[in-house]
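Worksheet: one structure, shown below.
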Amino acid sequence: RNSVPAKRCKACRASGLEHLSTGSVAIVILALDLDGDLGHGYRGCTNLGLISGKPVLQLLIERIRRLEHIVAKKAHRISVSFPVFVLTTDSRVQQIQALM
């Protein structure tokens, strides 16, 4: 159960959307495979058996795109984009770029 009052949640959401619409914040994704030896490559780019068949990182990117749409609608703009940084290792760059 959410212990934060609904009024506070609404205010925080509005503040977050405002900051995203003005470009004063960014999203940072830490995409490291600390385990390293799955044999399938980076887990975020690997199908883990989800019903959609999509890798976790792809689902995350789709959610970010949806968030851009929500922010644009709230800001009464045609479109909004905000910085997204993916921090990863040199060996994972090509796998991650393929999803974007």
Side-chain angles (χ1 to χ4, degrees):
R1 196 165 208 218
N2 190 355
S3 61
V4 179
K7 187 175 181 179
R8 176 79 174 139
C9 283
K10 188 175 180 180
C12 288
R13 180 180 169 88
S15 176
L17 292 174
E18 176 65 26
H19 286 295
L20 285 168
S21 71
T22 61
S24 59
V25 296
I27 295 175
V28 178
I29 300 169
L30 183 59
L32 299 175
D33 188 6
L34 299 178
D35 196 337
D37 258 336
L38 290 176
H40 306 110
Y42 168 60
R43 280 182 269 183
C45 298
T46 304
N47 180 353
L48 299 177
L50 300 175
I51 294 172
S52 66
K54 296 177 182 178
V56 174
L57 189 57
Q58 183 178 353
L59 292 173
L60 183 57
I61 292 166
E62 289 174 3
R63 283 180 163 236
I64 292 168
R65 297 288 176 242
R66 176 69 180 139
L67 182 59
E68 288 176 335
H69 174 77
I70 291 168
V71 171
K73 190 173 180 180
K74 292 283 185 186
H76 304 290
R77 294 190 192 156
I78 294 172
S79 68
V80 169
S81 62
F82 35 84
V84 178
F85 299 95
V86 180
L87 304 177
T88 189
T89 60
D90 291 339
S91 62
R92 303 289 182 225
V93 171
Q94 288 182 340
Q95 284 180 302
I96 291 171
Q97 284 176 339
L99 291 176
M100 301 180 103

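For Ser21 against Ala75, the heavy-atom pair with the smallest separation is CB-CB, 4.0 Å.
Residues Leu20 and Val80 form no side-chain contact, since every pair of their non-hydrogen atoms from C-beta on lies 4.5 Å or further apart. For the pair Val25/Phe82, no side-chain contact is recorded, criterion being any heavy-atom separation below 4.5 Å from C-beta on.
For Ser15 (side chain) and Ala11 (main-chain N/O), no donor-acceptor pair under 3.5 Å exists by modelled atom type.
Around CG of Leu87, the count of heavy atoms belonging to other residues, nucleotides or ligands within 6.0 Å exceeds 12.
Rounded to the nearest 0.5 angstrom, Leu17 CG and Thr22 OG1 are separated by 11.0 Å. Atom CZ in Phe85 sits 10.5 Å away from atom CD1 in Ile27 (nearest 0.5 Å). Between the CG atom in Leu60 and the NZ atom in Lys54 there is a gap of 12.5 Å [rounded to 0.5 Å].
The stretch residues 68-81 participates, sequence neighbours left out, in these salt bridge (charged side-chain N to carboxylate O under 4.0 Å, His left out) pairs: Arg65-Glu68.
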From CA spacing to verdict: side chain to side chain contact (heavy atoms under 4.5 Å, CB included), Ile61, Val86: CA-CA 10 Å; Ile61 292 166; Val86 180; 6.0 Å; no
